[in-house]
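Along the sequence shown, the residues carry numbers beginning at 1. When a ligand or atom number is given, it counts from 1 through the structure's own listing order.
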Amino acid sequence: TILILDFGSQYSHLITRRCRELNVYAELMPCTQKVKDLTWKPKGIILSGSPYSVYDADSPHADPEFFSLGVPILGICYGLQEMAWKLGGKVAKCDHREYGFAQVEISKVEDGASSVNALFEGLGEDLQVWMSHGDQLSELPPNFHVIGRTKTAPYAAIVHDSKPLYGIQFHPEVTHSTRGKEIIGRFVLNICGCKSDWTMEEFIGKEIARIREICGSKGRVIGAVSGGVDSTVAAKLMHEAIGDRFHAIMVDNGVLRMNEAKQVHEMLNKNLGVNLTVVDASDMFLSRLQGVEDPEQKRKIIGNTFINVFEEEAAKLEAIAEKEEAEGTEKKGKIEWLLQGTLYPDVIESISFKGPSATIKTHHNVGGLLADMKLKLIEPLRELFKDEVRALGRLLSIPAPLVQRHPFPGPGLAIRILGPITREQVKILQHADSIYIEEIRAANLYDQISQAFAVLLPVRAVGVMGDKRTYEQVIALRAVKTEDFMTADWFVFPPEVLRRISSRITNEVEGINRVTYDISSKPPGTVEWL
Ligand code: XMP
């Protein structure tokens with residue numbers, strides 16, 4: 001395992017990604033991690049970049065013990081400055097902040113280097129790299145020498161004379177550094193000696209064994225499923241590990257997509273064999289949502305109602321188990337665990353040394369369940385990125401259309417109906433949305449879009465149908481492309497696809513006479529309208 005210490009760079013998680021793409025397991029930890037608290041010994045350490053300057057009073061620093069562990073270390077940008085500064089070098093402000101492409105000239109043997117350094121082995125004499133820094137090294141620490149320079153950075157890459165300590169001023173983890181992934185590969189594979197043996201097959205085997213061990217021979221697990229990728233993959237994995245001792249609950253909150261509860265039942269229960277109860281609680285949700293327009297209020301109501309319904313269902317399951325136990329017909333134990341489909345980006349966010357970043361909207365989760373139910377949390381996906389979850393889903397034989405499915409928010413259509421929420425409004429939006437997605441799939445564009453959905457606007461517009469004037473509602477279509485949903489751009493559709501979608505929606509969905517397309521990016525917009 002490679003340990004990546006995060007000093008707060010926006011690229012830190014990309015270092016983790018690159019290692020994993022090389023099939024080397026890497027874990028990101030906050031830079032406040034102490035050596036004495038580590039429960040495992042890393043084969044190598046990478047120090048990330050940072051928006052800070054090493055001399056700032058509040059700048060983050062690594063435990064000095066890391067430098068005497070004897071394992072290879074690669075400092076990137078701030079990581080280089082931190083290491084060099086700790087080991088006796090000097091760091092200074094650059095005359096000009098450097099941001100963008102740069103050319104690194106690799107020190108040649110003729111120029112005194114004894115051999116091409118292992119970090120750049122086989123990568124040629126010049127590297128195109130991405131720089132983003134305001135400080136740089138102004139004096140080498142003792143026993144270090146230069147292995148690469150740029151026009152403005154004389155110490156763009158350095159190495160210790162006898163120890164495996166490396167520093168580079170540029171960012172190999174971003175794709176603009178054309179051979180960056182190979183540089184990371186030289187470090188983790190050749191210098192640290194890691195093997196490329198972290199594969200998804202391996203992960204499944206280990207995770208199933210881990211789940212079996214922590215659940216013991218009787219413990220039972222419950223978990224909510226939504227029909228999304230994460231909860232489906234997590235549920236299937238639990239099923240593989242402990243079979244019927246895992247029980248999935250799907251809550252139909254009345255604001256799901258068209259036929260969703262039915263489809264989830266078919267898929268999870270009939271096709272994948274997962275033990276599942278679908279609870280139709282739509283009346284309760286819709287009555288509590290009646291007359292509510294404020295988006296945060298909608299999220300709270302849905303979150304809280306969800307917890308009520310889920311707990312009630314869990315209590316029913318527990319009562320059945322107790323009865324069976326009393327009759328001596330049941331071999332399963334108590335419900336002890338709650339499954340959550342937490343992914344690695346959420347974990348990273350919550351372990352950041354700066355604390356979780358400010359949330360713009362209160363995203364609904366089921367965290368509130370734990371306190372009341374005294375359940376322990378089980379999170380089999382917590383080490384994985386989204387595309388790794390998708391790869392895992394494919395290996396678990398979950399059908400491709402589900403694995404590639406766009407995300408769908410917990411509060412569902414409630415945050416896509418901008419006016420009052422009623423069953424009729426939900427029906428209108430479900431219908432329009434299903435036509436939209438159907439046409440996107442028919443045009444083979446679904447996988448090019450990160451998220452697409454329809455929104456029901458709280459306005460009426462005048463139109464004409466046959467000889468009659470109409471005064472009906474308006475649908476807005478949204479489709480975005482994004483890497484991480486923090487920023488997003490609107491998707492450029494071929495005009496004929498939009499034309500077909502609009503024509504079908506206005507013709508087939510009663511109550512809609514106008515369709516608009518949302519051309520706002522995030523920021524300043526958000527992906528959802530509420
Ligand atoms: P925004 O609108 O914040 O959306 O740009 C970014 C991503 O988050 C999803 N989203 C939510 N997901 N509960 C969720 O589970 C929520 O309350 C919620 N609000 C937004 C949104 O669909 C998009 O994928």
Tell me, which pairs form a ring pair (Phe, Tyr, Trp, His ring centres under 6.0 Å) where one or both residues lie in residues 376-433, sequence neighbours left out? Y344-F385, H406-Y446
With sequence neighbours left out, what residues match E240 under side-chain hydrogen bond (donor to acceptor under 3.5 Å, both in side chains)? K236
Among R299, E528, K522, closest by any non-hydrogen atom to atom 19 (N) of ligand 1: R299
Decide if the gap between the ring center of W130 and the ring center of Y99 is smaller than 6.0 angstrom. yes
N/O to N/O below 3.5 Å, does that happen between V527 and ligand 1? yes
Are Y11 and H171, when compared by the centres of their aromatic rings, separated by less than 6.0 Å? yes
Is G410 close to ligand 1, meaning an N/O of one under 3.5 Å from an N/O of the other? yes
